[in-house]
2 protein chains.
Amino acid sequence: MICRALRRAIIEQALEPGAKLPEDSLGERFGVSRTIARYALGQLASEGLVELRRNRIAVVVTPSWQDARDIFDIRMDLERLIVRKIAGKLSSSQIARLKAHVEAEREAEHGPNAVSIRLATEFHIMLASMTNSPVLVRYVSEIAYRCCLTLSLFSRPHSSECGINEHIAIIEALQEGDANKAMSLMHSHLDSVANRALVEPTPARGRDLLDVLAPYAEETT
Amino acid sequence: MICRALRRAIIEQALEPGAKLPEDSLGERFGVSRTIARYALGQLASEGLVELRRNRIAVVVTPSWQDARDIFDIRMDLERLIVRKIAGKLSSSQIARLKAHVEAEREAEHGPNAVSIRLATEFHIMLASMTNSPVLVRYVSEIAYRCCLTLSLFSRPHSSECGINEHIAIIEALQEGDANKAMSLMHSHLDSVANRALVEPTPARGRDLLDVLAPYAEETT
DNA sequence: CTCTCTTCGATTGCATGCACTTCGGGCACG
DNA sequence: CGTGCCCGAAGTGCATGCAATCGAAGAGAG
């Protein structure tokens, strides 16, 4: 419960990376005791959204550039696996649900950026859930959520419009049962998201003093 | 700590699927309070090794046949990704560590079955860790551990000898830097493990009355 | 004015207490 | 002999208390 709320707050960037998450405050805010808040933090930590440091306040993770690349790599493989699994096997009601979701994406297109990012993410999770593979759903959810974080860090001028058309194309390929086409569409979709979004971080724009000084520190060691 | 111990107990089948895990007993056994035991159970649950039912004693999960297939599917993809990532990029010390591990596998070959299964599993996790991708390590670990459980359920006459030679072949392909060869070796390795191990459960041999009756129950709903 | 040390409030780590739920054995009854 | 019910023991869900730890602000020295 509180877990879900926290997760949403994080992926919609209401809590930006680095934000502190004291157990008391969370508990008080949600009307539960520290025990519950603590449990939620543990869950989120195991999903890689929260960083738990011993004896210190938990914080929203700040994914590194390397993390981002890793995660996108894995995501690419998993999502290709998903479309391969479900291509041509979707019921008409499932297709309808997908199309309805894309419609919702289009409506939110000019709304708040965080919402459209979340919707785009949920589209992928919806696809995953249609494989009826709980593990796959969990992994893709987790990875997709972390991609949200990453996108918020490394891509200021996010524009998701093109993504919507690609979603539609993927649905059509799935409907036709053309697994290879769907896989290559998904591939290029994710690839374009990654390349559009993941602009190599300008080392100068360090959010944190430590990050900026890291390369210099190496010389002195 | 207690988490690691429990995990090992589960994957070595000291605790077989369905075994009850009361918080008090665990805490007492490990000399900690319920709080810690409870936390460990939560972790293991999020790894899919333990099933947490509200107000009821936690139990070691009993993977279904369908779960097993799903997990092997995903594993196949992830492990192919791993060898693709590390082919030709391993240092000589890494190669040495891999070979040493295989040697350990060979030594344990005629020891207790559970140990050789665990070693075989750890070989794959070792490979994953060489990608330097924390997420990949976590997923493969989790999946591999669950495969242990699955193997213990669906394959009585387990023989891992052939697996050892395949491990060696994979190492050599990685050393040569032949990503495609390594991937196809890994593919056939996992495929043979899956097919050797995952004998379709004979419906008659229901461990549990509920399992047997499950298909019939659907009609009545 | 800056740097360091110290101290105290803030926060976590863990254990324990209490209320509620579930389980299992015994007992009455068919 | 089998079946249903009931109640005590066992176990979980959650809150809270206490000690240990961290960190930020303030005092003091240079």
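Throughout, a chain's letter reflects where its sequence line sits, starting with A, and its residues are numbered from 1. Scope of the values below: all heavy atoms of this structure, side chains included, with no hydrogens, waters or symmetry mates.
- Distance, A/M1 CE to D/dC14 P: 13 Å, rounded to whole Å.
- Atom CG of A/D24 and atom P of C/dG9 are 16 Å apart (whole Å).
- Per the geometry, CZ belonging to B/R53 stands 11 Å off P belonging to D/dG13, to the nearest Å.
- A salt bridge does not link A/R146 with A/E47: every distance from a Lys NZ or Arg NE/NH1/NH2 to an Asp or Glu carboxylate oxygen is 4.0 Å or more.
- Spacing between atom CD1 of A/I2 and atom P of D/dG13 amounts to 17 Å, rounded to whole angstrom units.
- For the pair A/I57 CD1 and D/dT21 C1', the computed distance is 12 Å after rounding to whole Å.
- Within the 6.0 Å centre-distance limit, the rings of A/H124 and A/H189 are counted as a close aromatic pair.
- Atom CD of A/E51 is separated from atom C1' of C/dT12 by 15 Å (rounded to the nearest Å).
- Nearest approach of B/V137 to B/S129, heavy atoms of both residues: CG2-CA, 3.5 Å.
- Counting to the nearest Å, the P atom of C/dC14 and the CZ atom of B/F30 are 15 Å from each other.
- Of the side-chain N and O atoms in B/K20, one or more sit less than 4.0 angstrom from OP1 or OP2 of C/dG24.
- Non-hydrogen atoms lying under 4.0 Å from DNA chain C are contributed by B/V32, B/S33, B/R34, B/T35, B/I36, all within residues 32-46 of chain B.
- Between B/P134 and A/D70 the shortest heavy-atom distance is CD-OD2, 4.0 Å.
- Put simply, the side chain of A/R53 gets close to the backbone of A/I57: a donor and an acceptor are under 3.5 Å apart.
- Atom NZ of A/K85 and atom CZ of A/R80 lie 15.0 Å apart (nearest 0.5 Å).
- Rounded to whole angstrom, the span from the CG atom of A/L26 across to the P atom of C/dT11 amounts to 11 Å.
- For the residue pair A/E23 / A/Y39, no side-chain donor-acceptor distance below 3.5 Å is found, with atom types taken as modelled.
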Could I get a table of every N or O pair under 3.5 Å where one atom is in the protein and the other is in nucleotides 19-22 of chain C?
| residue | atom | partner | partner atom | Å |
| --- | --- | --- | --- | --- |
| C/dT21 | O3' | B/N55 | ND2 | 3.4 |

